[in-house]
**Student:** 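Handing you a structure now.
What you see is a predicted model, and the numbers here were worked out from it, not measured in a lab. The sequence lines fix the lettering, A, B, ..., with proteins before strands; numbering per chain opens at 1.
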Protein chains: 2
Amino acid sequence: MTVREQPAKEHRRTRQRAAVDEVLDQTEDFISAQELHALLRTRGAGVGLATVYRTLQTLADDGRVDVLRSDAGEAVYRRCVREEHHHHLVCRSCGATVEIAGPTVERWAKSIADQHGYSEVSHTLEIFGTCPRCAAS
Amino acid sequence: MTVREQPAKEHRRTRQRAAVDEVLDQTEDFISAQELHALLRTRGAGVGLATVYRTLQTLADDGRVDVLRSDAGEAVYRRCVREEHHHHLVCRSCGATVEIAGPTVERWAKSIADQHGYSEVSHTLEIFGTCPRCAAS
DNA sequence: GCCGTTTTGACAATGGTTGTCAGTCTTGAT
DNA sequence: ATCAAGACTGACAACCATTGTCAAAACGGC
């Protein structure tokens, strides 16, 4: 999770964006642009791949979705539930995600940066593990 | 930074690996495989691109270099100074890096994971900011 | 020096992501 | 409702980092 600022700009409402939005609403975990595209295709709501990418990018720029990189370096997206800055606890196996608010870490990161004279600080933090369900099987 | 464990296996010493090693020794900041390859080429020590990738991957597997993803999703590598798990404070502008050891965060991450029943926990954490030098200019 | 293995390198192939550009749709104004 | 301006879309090409392939070369132990 990278801290972001920026207000949000206006965008036109289109069938494609609505479709992407809907999928995001119905999806608990992180999803890649490719997966989202494939999903839309199976649902019959055909949306161009390029459009999916553009839409997700726009949403990310506006801070309406979280973006993070999978271990494979693929970008994955997810509707941002909390408005404030937060982090994720992600299951390595099934992808189940828990959003985490970490005042502790925020402060820690800030103080570390201050110590070294770094300004305009942001940070990324993700925790990976095996969730209870996957651990059981 | 992802937590890693694993012992290290033996590998053969070759001219190419020595060359990659040398560059890593002389490089303070993170460098991508492509950059490293180009650098070797200009130095005359030609090493195949595929070899550079394989070498870096091996080093990473053995825990001898740190790997992280740039915002662009490109993998960047750096000789690992500390042996234990640590994080980085990276200058957004010039790439200058400070290695950070964070017992605080380690504990915090562990406890959060425990709370949600997640096991085999690892985590990634990078702090980005503008370093004093870049902020001055 | 010899031999089984590992490693290399040139190149093809993969795959996610972005660029292009003509055609389409949304919006605010009339 | 109608219209013009320009934002948005889609099909496809282009990019580019990374990985796969496989014959040739290098390494290390004997």
**Student:** Measure from CZ on R41(A) to P on dG10(D) and round the result to the nearest Å.
**Tutor:**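 Those two atoms, CZ and P, are 11 Å apart.
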
**Student:** Could you check whether Q16(A) gets within reach of a base, just the sugar-phosphate, or nothing at all, counting any heavy atom under 4.0 Å?
**Tutor:**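 Here Q16(A) touches the backbone only, sparing every base.
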
**Student:** Could you tell me how far apart D61(B) (CG) and dT18(D) (P) are, to the nearest whole angstrom?
**Tutor:** 15 Å

**Student:** Compare the minimum distances between each of dA17(D), dT7(C), dT17(C) and the side chain of R69(A), then state the nucleotide with the smallest one.
**Tutor:**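 Looking only at heavy atoms from C-beta outward on R69(A), the closest nucleotide is dT17(C).
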
**Student:** Using a strict threshold of under 4.0 Å (side-chain N to carboxylate O), is an ion pair present between K110(A) and D114(A)?
**Tutor:**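 So D114(A) pairs with K110(A) through a salt bridge.
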
**Student:** Can you check whether H37(B) and Y53(B) have ring centres sitting under 6.0 Å from each other?
**Tutor:**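 So the answer is no for these two rings.
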
**Student:** In whole Å, I'd like the distance from the NE2 atom of H11(A) to the C1' atom of dG6(D).
**Tutor:** 15 Å

**Student:** Would you mind classifying the nucleic acid contact of G46(A) as base, sugar-phosphate or nothing, using non-hydrogen atoms under 4.0 angstrom?
**Tutor:** sugar-phosphate

**Student:** Could you tell me the separation between the CG atom of L56(B) and the CZ atom of R54(B), rounded to the nearest 0.5 Å?
**Tutor:** 11.5 Å

**Student:** Any chance you could lay out the side-chain contact (heavy atoms from CB on, under 4.5 Å) test for V47(B) and T55(B), step after step, and finish with the verdict?
**Tutor:** CA-CA 11 Å; V47(B) 175; T55(B) 303; 6.0 Å; no

**Student:** Is there a donor-acceptor pair closer than 3.5 Å between any side-chain N or O of Q26(B) and the backbone N or O of V23(B)?
**Tutor:** no

**Student:** Could you check whether A72(B) gets within reach of a base, just the sugar-phosphate, or nothing at all, counting any heavy atom under 4.0 Å?
**Tutor:**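 Nothing: the residue A72(B), judged by heavy atoms under 4.0 Å, touches no strand.
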
**Student:** L56(B) has an atom CG; how far is it from atom P of dA17(D), in whole Å?
**Tutor:** 14 Å

**Student:** Does R13(A) make a side-chain N or O approach to OP1 or OP2 of dT27(C) shorter than 4.0 Å?
**Tutor:** yes

**Student:** Atom CD of E74(B) and atom P of dG16(C): how far apart are they, to the nearest Å?
**Tutor:** 18 Å

**Student:** For the pair made of CD in Q34(B) and P in dC16(D), what is the distance, rounded to whole Å?
**Tutor:**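 Atom CD in Q34(B) sits about 10 Å away from atom P in dC16(D).
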
**Student:** Hey, is the side chain of T14(A) poking within less than 4.0 Å of OP1 or OP2 on dT9(D), counting only N and O atoms?
**Tutor:**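 T14(A) to dT9(D) OP1/OP2: side-chain N or O found under 4.0 Å.
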
**Student:** Kindly point out which of dT8(C), dT18(D), dT26(C) is positioned nearest to the side chain of R12(A)?
**Tutor:**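 The answer is dT26(C).
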
**Student:** Rounded to the Å, how far apart are R17(B) CZ and dT8(C) C1'?
**Tutor:**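 The distance from CZ of R17(B) to C1' of dT8(C) comes to 9 Å, rounded to the nearest Å.
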
**Student:** OP1 or OP2 of dT17(C) sitting under 4.0 Å from any side-chain N/O of Y53(A)?
**Tutor:**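 Yes, such a contact exists.
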
**Student:** Take R15(B) and R54(B), find for each the nucleotide of DNA chain D with the closest heavy atom, and name the residue whose nucleotide sits nearer the 5' end.
**Tutor:** R54(B)

**Student:** If you check the L49(A) side chain, which of dT17(C), dG28(D), dA11(D) turns out closest?
**Tutor:**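 Ranking dT17(C), dG28(D), dA11(D) by closest atom to the L49(A) side chain puts dT17(C) first.
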
**Student:** Please classify the nucleic acid contact of Q57(A) as base, sugar-phosphate, or nothing, using heavy-atom distances under 4.0 Å.
**Tutor:**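 The answer is sugar-phosphate, as Q57(A) gets under 4.0 Å only of primed atoms, P, OP1 or OP2.
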
**Student:** Give one of base, sugar-phosphate or nothing for T51(A), where a contact means two heavy atoms less than 4.0 Å apart.
**Tutor:**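 Since a base atom lies under 4.0 Å of T51(A), the category is base.
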
**Student:** Which nucleotide in the list dC27(D), dG20(D), dC8(D) gets nearest to the side chain of A50(B)?
**Tutor:**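 Nearest nucleotide to the side chain: dG20(D).
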
